[in-house]
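Working notes, structure below.
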There are 2 protein chains.
Amino acid sequence: MAVGIKDVARVAEVSPATVSRVLSGRSVDPAMQERVLAAVKSTGYRPNLAARRLRSQHTNTIGLIVADIRNPFFTAVSRAIENLATARGMRVILCNTDEDPAKEAGYLELMHEERVTGVIFAPCRQWVEKAERLEPGFPVVLIDRSLPSAGLDSVLLDNESMAAELVAHLHAQGHRRIAGLFGAASSTGIERRVGFEQAARKLGLAATAVEMPHATEAAQRVVTELLSGPVRPDALVASNGVMLLTVLRALRGLGLEAPTDIALAGFDNNDWMEFVGGGLSVIEQPVEEIGRTAMTMLLDRLDHPDAPARKVVLAGRLISRGSSGPRASAAPQPIGA
Amino acid sequence: MAVGIKDVARVAEVSPATVSRVLSGRSVDPAMQERVLAAVKSTGYRPNLAARRLRSQHTNTIGLIVADIRNPFFTAVSRAIENLATARGMRVILCNTDEDPAKEAGYLELMHEERVTGVIFAPCRQWVEKAERLEPGFPVVLIDRSLPSAGLDSVLLDNESMAAELVAHLHAQGHRRIAGLFGAASSTGIERRVGFEQAARKLGLAATAVEMPHATEAAQRVVTELLSGPVRPDALVASNGVMLLTVLRALRGLGLEAPTDIALAGFDNNDWMEFVGGGLSVIEQPVEEIGRTAMTMLLDRLDHPDAPARKVVLAGRLISRGSSGPRASAAPQPIGA
DNA sequence: ATAACGTTAGAAAACGTTTTCTCACACTCA
DNA sequence: TGAGTGTGAGAAAACGTTTTCTAACGTTAT
């Protein structure tokens, strides 16, 4: 039923080896080449990728393991990476862990079994404790989240600086009781929290940072609790776009409105943010560039397996909305190596 | 370097066939089974999926080809499908066509080369004209968009009825000059437009339906033009969530505000929609159920290759927000076979 | 003119599994 | 007791490619 390379060879009256050579673009007699191409067309031959990968021992496949595909940040980065990959003739296996360490481990195992060329990975914090346990066996580039001491290439946002910029922005707008909500499942939340706290201290603000759980209802409870305390904050910073939504929901539950009752700012520039509550001030991440950089680093790593690990830190861009804050900006650019 | 099944066999002092049998859970002597398992662990053996797929001739892989991964509707459906698939031990190859017929054809070709078990597919309209050219060679289930006369299984929203419900909703709120914006790249936009026009006619409204191009700037121009005409509509219906955003952007450009200056409604219940302009009324699609149904139909099709094609039409749910419209609802349920 | 070399294409091996085939063994039943 | 039957494990074939190996040929240089 299925037509294989031998069938093509028979029709073209050449050997299977020659067909293979034509298809992989190596030099063959033009006359033969023509016969082969004609035979391919007439038979409707399609190479069997499994067989090809088995024999050639390279899969031209990269794994992309993200923490939450519903987060527009990750879909944007995924799209960028996929486009770059297919342009180079590589396939992408996209995996979504839902921040679940078990799924994460499972997908890593799958990457092994697929014998992927390399992996781009946004890990949750389970590996921080047992970083040495993560012996990839293939090149890995971390995105969005770092793993201290894992010795892996990574491309990150300059989280601390950006969080500080957000605090400064709110401070400049006159807010003094700023609270921050940060995830603890990834290094990203932690770094942003550190930047937030340092900036607040430097400005002499008594800012409170709170840990956000990943589950939505629990997260909402946390926000509600924070806002129901004795002195309500006059500004809120959320660790990412998804949490910003949770905050909005909690505010609504309390009958509060942003930015009238409380200022709101955060990370990730989702496309709806300009339309909500007079516009939300956020740190926009250079998603396209994050994808491009990760891909480049992965390919570099394939060429130079033993080069020292690199860490690329990209700047974000403050998008000031709502009140009359300063219209600050900075083109995304590497600031470290 | 790499450890194969033969190495495991040698360590366990059994034949490779036995190792294979243990790993695929067939009955073997318990003592041997134990030796094999121990050997697998001690050697760190990982099966080579390419080899396995080549020999066994089934890939346990389904392709999922969507039109726009940035559209939350598709990410939600993808997530549902992926969860179901992995629960059944199947892999998913996720492809994003960006509504580009060339990409679409390329990915379909890839599906062939991967020898996928089946494909779940949201096609753009290129196939309508040349439906017979789409000879899959594997089971295909269409989602979100239908291909008349292609004889394929499909699961769709009841687009016409839902569009009509939206019109009725706006009419009940007192709006009389309703305009609709519909994409022409897929059957979905067309069906919604038909439902919109029929409902308007039935209500005696002089509703105008306009075609939205896919490119964002062009789309925005269309909306701006529509709103700058001699008599401005007092309500706008958008064909999906992405277009709703385009509309919001165009409104802003004209200095108009929803729902004060104009009412806004559409399809897809994205998570931010309750927070924008007092809340947008939308038709919520049963994304989870769409994914589940598509998966079920695909598996059914594998069991019964020659059964007649089925078309499942699911109801959406009107989520009434903003003004004081009726709080209508209907649980998603099949209404057709 | 002949040896040495480079190029080209076919023959055959190899990739790492699963599956078929074969055989040995134990058990049942007449 | 002996033939028939069922079970379980190893040997070997098979999956569809790519790659190595080998041989033939044409070209150049001596």
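The basis for the numbers below is simple: all heavy atoms, side chains too, and nothing from hydrogens, waters or symmetry mates.
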Stretch residues 34-42 of chain A: residues that reach within less than 4.0 Å of DNA chain C through a heavy atom
none
Figure out the CE/C1' separation between Met32(B) and dA9(D), and round it to whole Å.
6 Å
For Ile65(B), which of Ile143(B), Ile93(B), Leu94(B), Thr97(B) qualifies under side chain to side chain contact (heavy atoms under 4.5 Å, CB included)?
Thr97(B)
Pair Thr75(B), Ser78(B): side-chain N/O donor-acceptor within cut-off below 3.5 Å
no
Check whether any side-chain heavy atom of Val19(A) sits under 4.5 Å from a side-chain heavy atom of Val14(A), and report yes or no.
yes
Side-chain ([X]) to main-chain ([Y]) donor-acceptor, under 3.5 angstrom:
| X | Y | result |
| --- | --- | --- |
| Thr117(B) | Thr61(B) | yes |
| Ser15(B) | Thr18(B) | yes |
| Asp153(B) | Arg310(B) | yes |
| Asp98(B) | Asp100(B) | no |

Taking protein heavy atoms under 4.0 Å as touching, what does nucleotides 13-19 of chain C look like 5' to 3' if B marks base contact, S marks sugar-phosphate-only contact and - marks none?
BBBBBBB
Flag if over 12 foreign heavy atoms under 6.0 Å of CD, Glu109(A):
yes
If the cut-off is 4.0 Å, is Thr18(B) near the phosphate of dG10(D), judged by side-chain N/O to OP1 or OP2?
yes
